[in-house]
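Before any comments, here is the structure.
A, B, ... follow the sequence lines: proteins, then strands. Residue 1 opens every chain.
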Number of protein chains: 2
Amino acid sequence: MLTIPDFIDACREKGLNVTYQRIMIYKSLLRTNNHPTAEAIYHDVKAEYPSISLATVYKTLETLAEHDLIGKVTPLHDLARYDGDTQQHHHLVCLNCRKIMDIHDEQLNQLNLPRKNGFHISSYRIQFEGLCDDCQHRSNGRLKTAGGKEQTTFCGKGA
Amino acid sequence: MLTIPDFIDACREKGLNVTYQRIMIYKSLLRTNNHPTAEAIYHDVKAEYPSISLATVYKTLETLAEHDLIGKVTPLHDLARYDGDTQQHHHLVCLNCRKIMDIHDEQLNQLNLPRKNGFHISSYRIQFEGLCDDCQHRSNGRLKTAGGKEQTTFCGKGA
DNA sequence: CTTATTGCAAATAATTTGCACCAGC
DNA sequence: GCTGGTGCAAATTATTTGCAATAAG
């Protein structure tokens, strides 16, 4: 979490114009610990700057996330995806083709659970992110590593 | 992943009617390793059973997931949520009120990465799921632990 | 026979897009 | 002044819902 002056510098370094809206949106994220939705940020910012538009909030959040100035809590957010396997296991997610592979690994199922504020943990899942073999090799530079939503193909099935 | 006869028994045990559609959908999940979307399953099943409807696929997947006969890859799927913090960290997700809390824990940042099929892992995130303190105590039996999408409130902010 | 489930069509909700105007540099 | 960013309204996409017809137990 950067201070506002640092955020402004960071925008400049990345070639992003520094606008009032971007600053307001970043400030809104700074002041909540909520992991807010676009709507929530929109309402929050609107209180101080009523002319902001929801579309701007969406666009800004995407832009900032692409430039790693903020994070997106759920990278696979666009489509609900299901899994026949109900055992505890973990996932490898290809950031390019969005293929998901299963990881069954006993060691990863034995983590020491963190403790925080009386939260009662009943399970956990780990999402490993990166590039699958196909996308490292076959993709001829047409990668989109920034967590966006570009491809629809899942690299086929079994193969 | 159950065999079809076991799936049928499991449905009966849970009081779910065993329908042709449910079996086809489950079979489709069995035969792919794709973590498919509802659309993908719809197309797959439609090939063998053209009269199936997309709404049925959505309903069936939700039903099976609620009864733990299948899993949902992304439990926080319904809304995109953002985070001002770009350091590696992990999340506690309350399955009831959908509040998300941050976990910064050095040990959790040092996992041994699994290896699989040439996949190149660049980062990972752990999502711990359970009930926050508020929801364990204050909620008077009105819990919805089955990964559904019920509440809209995020239990307020700082508090 | 009774209730749960299906399938259709219409509704809703989240997010994206096109485009004209405006602001940052 | 040039280019990227904003705001509006309309479009798109995923998902849900109401309801009558049908199948499961």
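- With dC25(C), dT15(C), dT5(C) as the candidates, the nucleotide lying closest to the side chain of Leu54(A) is dT15(C).
- The environment of NZ in Lys27(B) is sparse: at most 12 heavy-atom neighbours from other residues, nucleotides or ligands sit within 6.0 Å.
- Listed candidates were dT17(D), dG7(D), dC25(C). Nearest to the side chain of Tyr49(A) is dG7(D).
- Minimum atom distance to the side chain of Lys59(A) is reached by dG18(C), of the listed dA4(C), dG18(C), dG7(C).
- Proximity of Thr60(A) to the phosphate of dG5(D): no side-chain N or O atom is located under 4.0 Å from OP1 or OP2.
- Note on Tyr58(A): a side-chain N or O is less than 4.0 Å away from OP1 or OP2 of dT15(C).
- OP1 and OP2 of dA23(C) both lie 4.0 Å or more from every side-chain N or O belonging to Thr19(A).
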**Request:** Using the side-chain contact (heavy atoms from CB on, under 4.5 Å) rule, take Phe128(A) and Val93(A) through it: C-alpha gap first, then chi angles, then the decisive distance, then the call.
**Result:** CA-CA 6 Å; Phe128(A) 296 92; Val93(A) 178; over 6 Å; no

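- The 5' end of DNA chain D is approached more closely, in terms of each residue's nearest nucleotide, by Gly15(A) than by the other of Gly15(A) and Leu16(B).
- Side-chain N/O atoms of Gln21(B) include one lying less than 4.0 angstrom from OP1 or OP2 on dG7(C).
- Rounded to an integer number of Å, the gap from Ile52(A) CD1 to dC22(C) P is 17 Å.
- One atom, OH of Tyr42(A), and another, P of dT6(D), lie 14 Å apart when rounded to the nearest Å.
- In this structure, Ile23(B) places its CD1 atom 15 Å from C1' of dT6(C), rounding to the nearest Å.
- In this structure, Leu79(A) places its CG atom 6 Å from P of dT15(D), rounding to the nearest Å.
- Remark: P of dC2(D) and CG of Asn17(A) are 16 Å apart, rounded to the nearest angstrom.
- The nearest whole Å value for the distance from the CG atom in Leu61(B) to the C1' atom in dT5(C) is 14 Å.
- Here the nucleotide nearest the side chain of Arg12(B), chosen from dG25(D), dT16(D), dG7(C), is dG25(D).
- The nucleotide whose nearest atom lies closest to any side-chain atom of Val18(B) is, among dG25(D), dT17(D), dG4(D), dG25(D).
- Contact check, Thr63(A) against dG5(D): no side-chain N or O comes under 4.0 Å of OP1 or OP2.
- Residue Glu62(A) contributes atom CD, which lies 14 Å from atom C1' of dT17(C) at whole-angstrom precision.
- Counting to the nearest Å, the P atom of dC25(C) and the CD1 atom of Ile8(A) are 9 Å from each other.
- By the 4.0 Å N-to-carboxylate-O rule, Asp68(A) lies too far from Lys14(A) to be salt-bridged with it.
- Within a 6.0 Å radius of CD in Gln107(A), no more than 12 heavy atoms belonging to other residues, nucleotides or ligands are found.
- Remark on DNA chain C: of its neighbouring residues Tyr20(B) and Ala80(B), the 5'-side contact belongs to Tyr20(B), judged by nearest-heavy-atom nucleotide.
- Between Ile100(B) and Asn34(A), the closest side-chain pair of non-hydrogen atoms is not below 4.5 Å.
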